[in-house]
Amino acid sequence: MEVFKTSQNDYEVLVTFWNDSPGTVLHWAVDDWNLPDRSTWPPGSNQAGDKAVQTPVRSAGQALTFHFPASVCPSGMVFVVRESQPQERWVNQGGSDFRALLKPPGIESVASKVLAAEGEYTHWSLKERFSLVMQVMDAANAAGPEGMALLAVWLRLSAMRQLDWYRRANYQPKDMAHMQQVLAERMAALARDAAEPRCREYARICLGTVPRGDSRMGDAIRLEILNIMRGNGIKEGHRPGLDEPFLEQWHQKLHQNTTPDDVLICRAYIAHLESGGHNHDAYWGVLNAGGLTKERMESWSNPIRAWPMHLPHLINPMKHYLWILECTHSGNDLDTAKRMAEGHLDNDLNWHLWDLLQNRHEPWVPYKAVELRERVGHAWRGMGGAAARDVGLLDVSLEQWFALSVNRLDVGSLNGDQLLDLCAVVLRNALATDGRDEDAAACLEQLNWLRSPASTGGVGPAWSPSWAAAALAVVERMQVALAQRLDAMYQEVQPYAEQFRDKCKLDPQYITNFGEELVRSQPLAGMSRFLQRLQPILR
């Protein structure tokens with residue numbers, strides 16, 4: 001599919017087909033499934049219902065051209081493909097419609113659509129949310145940083161479980177697994193390739209909240225839990241066996257609305273099985289640490305009310321099942337991300353990643369993490385599809401661990417040289433995220449000059465009064481640039497958080513400081529502590 005702007009406000013959409021299945025038609029409409037103006041219908045098209053048009057595909061290699069003059073040009077074209085041979089099949093984009101963005105809609109209309117779905121729909125789930133994200137992400141990117149900020153707030157609130165994951169909506173595991181895969185691949189591409197730097201920044205925040213997905217594992221989620229129950233004599237449906245209500249209730253949830261919560265449930269169950277079964281402290285300890293409570297689990301449309309029995313012979317089968325769940329629902333934690341990406345990286349890089357994981361709490365980790373991010377980013381640039389998704393998730397996970405490691409440092413125990421070194425590594429991290437970041441590049445250049453022998457010829461020896469005065473000027477300029485950047489992010493995200501609060505009746509305690517917390521979680525924000533500590537030292 002290609003979109004061309006033929007004049008100031010005229011557009012053409014070219015859709016090329018490579019299958020030769022007889023009876024294939026393009027089922028299409030404009031905007032959110034509105035009937036297109038008849039002047040835009042290609043020859044041979046027929047109306048299909050009240051809102052759509054069907055255009056036949058004559059042969060493989062045929063390109064259908066849709067011309068939209070300025071007078072009737074919509075904000076976009078939406079379509080799916082219907083194949084009738086050998087049997088009827090509807091083809092879409094990972095559970096979402098194909099969309100061609102023409103005139104970018106105002107971000108207000110996108111936000112209204114998202115807020116209406118989250119606050120008003122009676123049937124809604126994490127799967128429907130991901131589907132809507134895919135529908136609007138091109139429009140959000142076209143709207144610039146303000147549009148991508150909406151997606152970042154939306155997905156972060158979802159990851160925090162402040163938005164409903166289960167609202168009277170069921171789906172098959174294979175559909176969820178495929179949708180998550182397509183969404184993660186598209187978001188990874190946007191995080192790497194979006195034209196606007198701050199759009200790339202927000203896309204990375206989004207990518208850090210999205211499971212990796214794996215269409216190969218969708219049916220395995222459904223079938224493997226049945227195999228475990230049947231292979232170990234556990235009652236399932238009308239099949240006789242040991243009555244284990246916890247597994248039966250979890251099995252029903254897995255079949256009808258599997259989510260990343262199931263990874264946490266599986267880990268908690270394994271902890272219980274390995275604990276000796278004297279009580280359920282290990283089970284609830286894992287769940288509560290991950291944000292799941294008894295009340296929340298009992299409130300689901302497919303609730304889990306029973307507590308697990310102690311069946312230690314299920315430890316190994318459940319560890320294998322955990323791997324299946326992690327393949328689909330994880331990917332944005334460092335350990336899983338490394339495991340999923342290692343097949344796309346060379347042996348030397350994999351060894352150094354393993355070394356970092358084994359020593360992740362050492363004080364040198366921020367420096368090592370940036371070195372690895374620089375190498376991972378170089379590999380990521382040449383990748384596409386599933387490889388780009390997994391390596392992109394690894395890069396985001398490395399950056400999150402970098403930020404956590406930097407924020408854990410005791411600033412008061414660091415001397416001036418250590419603080420300057422840390423400022424430099426934070427700026428290197430920013431450039432590893434986006435090599436086109438002109439502000440970070442300029443600040444790093446000034447900082448490197450201060451730390452080089454060349455500075456002594458211009459402003460005197462390091463830590464002399466004249467050198468300190470020059471260094472203070474550099475630090476103050478960096479602090480102003482950093483404050484402006486972080487404040488811009490806050491001003492973009494906090495209003496959206498408050499709109500979600502009002503529309504979805506969210507707990508105000510999660511929203512009051514939402515923008516501030518999001519800003520503080522960014523790696524660059526950690527540098528503000530170093531700069532503040534440097535100022536009195538340099539004075």
Applying side chain to side chain contact (heavy atoms under 4.5 Å, CB included) to Val396 and Leu398, what does each step give before you reach the verdict? CA-CA 5 Å; Val396 169; Leu398 279 169; over 6 Å; no
Walk me through it: do Met297 and Leu287 pass the test side chain to side chain contact (heavy atoms under 4.5 Å, CB included)? CA-CA 10 Å; Met297 294 169 69; Leu287 290 176; 3.8 Å; yes
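- Contact check for Arg520 versus Asn407: no side-chain heavy atoms found under the 4.5 Å cut-off.
- Heavy-atom contacts from other residues, nucleotides or ligands closer than 6.0 Å to CD of Gln358 number more than 12.
- Of all heavy-atom pairs between Ala203 and Leu190, the closest is CB-C, 4.0 Å.
- When Thr258, Thr259, Asp261, Asp214 are each tested for a side-chain hydrogen bond (donor to acceptor under 3.5 Å, both in side chains) with His329, only one passes: Thr258.
- A 6.0 Å sphere centred on CD of Glu146 holds no more than 12 heavy atoms belonging to other residues, nucleotides or ligands.
- Using modelled atom types, one side-chain atom of Asp346 and one backbone atom of Asp348 make a donor-acceptor pair closer than 3.5 Å.
- Relative orientation of the Phe500 and Trp154 rings is parallel, given thresholds of 30° and 60° on the angle between their planes.
- Under 3.5 Å, the side chains of Thr512 and Arg501 contain no donor-acceptor pair of N or O atoms.
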Apply side chain to side chain contact (heavy atoms under 4.5 Å, CB included) to residues Leu419 and Val411 and explain how you reach the verdict. CA-CA 8 Å; Leu419 291 166; Val411 176; 4.1 Å; yes
Run the side chain to side chain contact (heavy atoms under 4.5 Å, CB included) check on Tyr202 and Val493 step by step: do they pass? CA-CA 10 Å; Tyr202 282 123; Val493 301; 3.8 Å; yes
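- Put simply, the side chain of Leu157 does not reach to within 4.5 Å of the side chain of Tyr510, judged on heavy atoms.
- Side-chain contact check for Asp355 and Asn359: at least one donor-acceptor pair (N or O, by modelled atom type) lies under 3.5 Å.
- Glu516 and Gln494 form no side-chain donor-acceptor contact under 3.5 Å, judged by distance and modelled atom types alone.
- Between Tyr269 and Glu274, every side-chain heavy-atom pair lies at or beyond the 4.5 Å cut-off.
- Looking only at side-chain heavy atoms (C-beta outward), Arg389 and Met340 stay at 4.5 Å or farther from each other.
- Looking at Leu115 and Glu120, their side chains never come closer than 4.5 Å, going by heavy atoms from C-beta outward.
- In this structure, Asn141 and Ala194 approach most closely via the heavy-atom pair OD1-CB, 3.8 Å.
- Around atom CG of Asn415, more than 12 heavy atoms belonging to other residues, nucleotides or ligands sit under 6.0 Å away.
- Within the 3.5 Å criterion, the main-chain N or O of Ser158 finds a donor-acceptor partner in the side chain of Trp165.
- Using a cutoff of 4.0 Å between basic side-chain nitrogens and carboxylate oxygens, Lys338 and Glu342 are scored as salt-bridged.
- When every heavy atom of Ala152 is checked against every heavy atom of Ile205, the shortest pair comes out as CB-CG2, 4.0 Å.
- A donor-acceptor contact closer than 3.5 angstrom links the side chains of Asn429 and Glu399.
- In this structure, Arg99 pairs ionically with Asp32, as a charged nitrogen and a carboxylate oxygen lie closer than 4.0 Å.
- Between His320 and Trp323, the ring planes are parallel. Angles under 30° get that label, and only those over 60° would be called perpendicular.
- Asp390 CG to Glu185 CD: the interatomic distance, rounded to the nearest 0.5 Å, is 8.5 Å.
- Evaluated for a salt bridge (charged side-chain N to carboxylate O under 4.0 Å, His left out) with Glu326, the options Lys319, Arg212, Arg339 yield exactly one hit, Arg339.
- Comment: Arg428 does not engage Glu371 in a salt bridge, judged by the lack of any side-chain N to carboxylate O separation of less than 4.0 angstrom.
- In this structure, Pro211 and Phe130 have side chains that are in contact, with non-hydrogen atoms separated by less than 4.5 Å.
- Here the side chain of Arg539 pairs no donor or acceptor atom with the backbone of Ala468 at under 3.5 angstrom.
- What you find for Met217 and Cys327 is that their closest heavy atoms are CG-CB, 3.9 Å.
- Nearest approach of Ala337 to Ser397, heavy atoms of both residues: CB-OG, 3.6 Å.
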Give the C-alpha distance, both sets of side-chain angles, the deciding distance and a yes or no for side-chain hydrogen bond (donor to acceptor under 3.5 Å, both in side chains) between Arg360 and Ser405. CA-CA 9 Å; Arg360 66 186 73 191; Ser405 301; over 6 Å; no
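- To the nearest 0.5 Å, the span separating CG on Leu292 from CH2 on Trp284 amounts to 8.5 Å.
- Asp395 pairs with exactly one of Gln400, Arg192, Arg204 by the side-chain hydrogen bond (donor to acceptor under 3.5 Å, both in side chains) rule, that one being Arg204.
- Atom CE of residue Met137 and atom CG of residue Leu155 lie 9.0 Å apart, to the nearest 0.5 angstrom.
- Taking the side chain as every heavy atom from C-beta outward, Val406 and Pro523 never approach each other to under 4.5 Å.
- Residues Leu356 and Leu353 are not in side-chain contact: their nearest non-hydrogen atoms beyond the backbone lie 4.5 Å or more apart.
- Without hydrogens or angle criteria, Arg167 side chain to Tyr121 main chain gives a donor-acceptor distance under 3.5 Å.
- A donor-acceptor pair is defined here as one N or O able to donate and one able to accept, closer than 3.5 Å; such a pair exists between the side chain of Gln180 and the backbone of Thr328.
- The environment of Gln509 atom CD is dense: over 12 non-hydrogen atoms of other residues, nucleotides or ligands sit within 6.0 angstrom.
- A distance-only check finds no donor-acceptor pair linking the side chain of Glu517 to the backbone of Phe514 [under 3.5 Å].
- Rounded to the nearest 0.5 Å, atoms CG (Leu486) and CG (Leu524) are 6.5 Å apart.
- Proximity of a side-chain donor or acceptor of Glu201 to a complementary backbone N or O of Pro197 within less than 3.5 Å is not detected.
- Put simply, SG on Cys443 and CE on Met527 are 6.0 Å apart, with the number rounded to the nearest 0.5 Å.
- Panel note: side chain Arg267, backbone Leu322; no donor-acceptor pair is recorded below 3.5 Å.
- A side-chain donor-acceptor contact under 3.5 Å links Arg186 to the backbone of Met134.
- Annotation: cation-pi pair Arg373/Trp401 absent, no NZ/CZ under 6.0 Å from the ring centroid and within 45° of its normal.
- From Leu345, atom CG reaches atom CE of Met383 across 5.5 Å, with rounding to the nearest 0.5 Å.
- Annotation for Leu444 and Ala424: closest pair CD1-O, 3.7 Å, computed over non-hydrogen atoms.
- Formation of a donor-acceptor pair under 3.5 Å by the Trp467 side chain with backbone atoms of Leu450 is found in this model.
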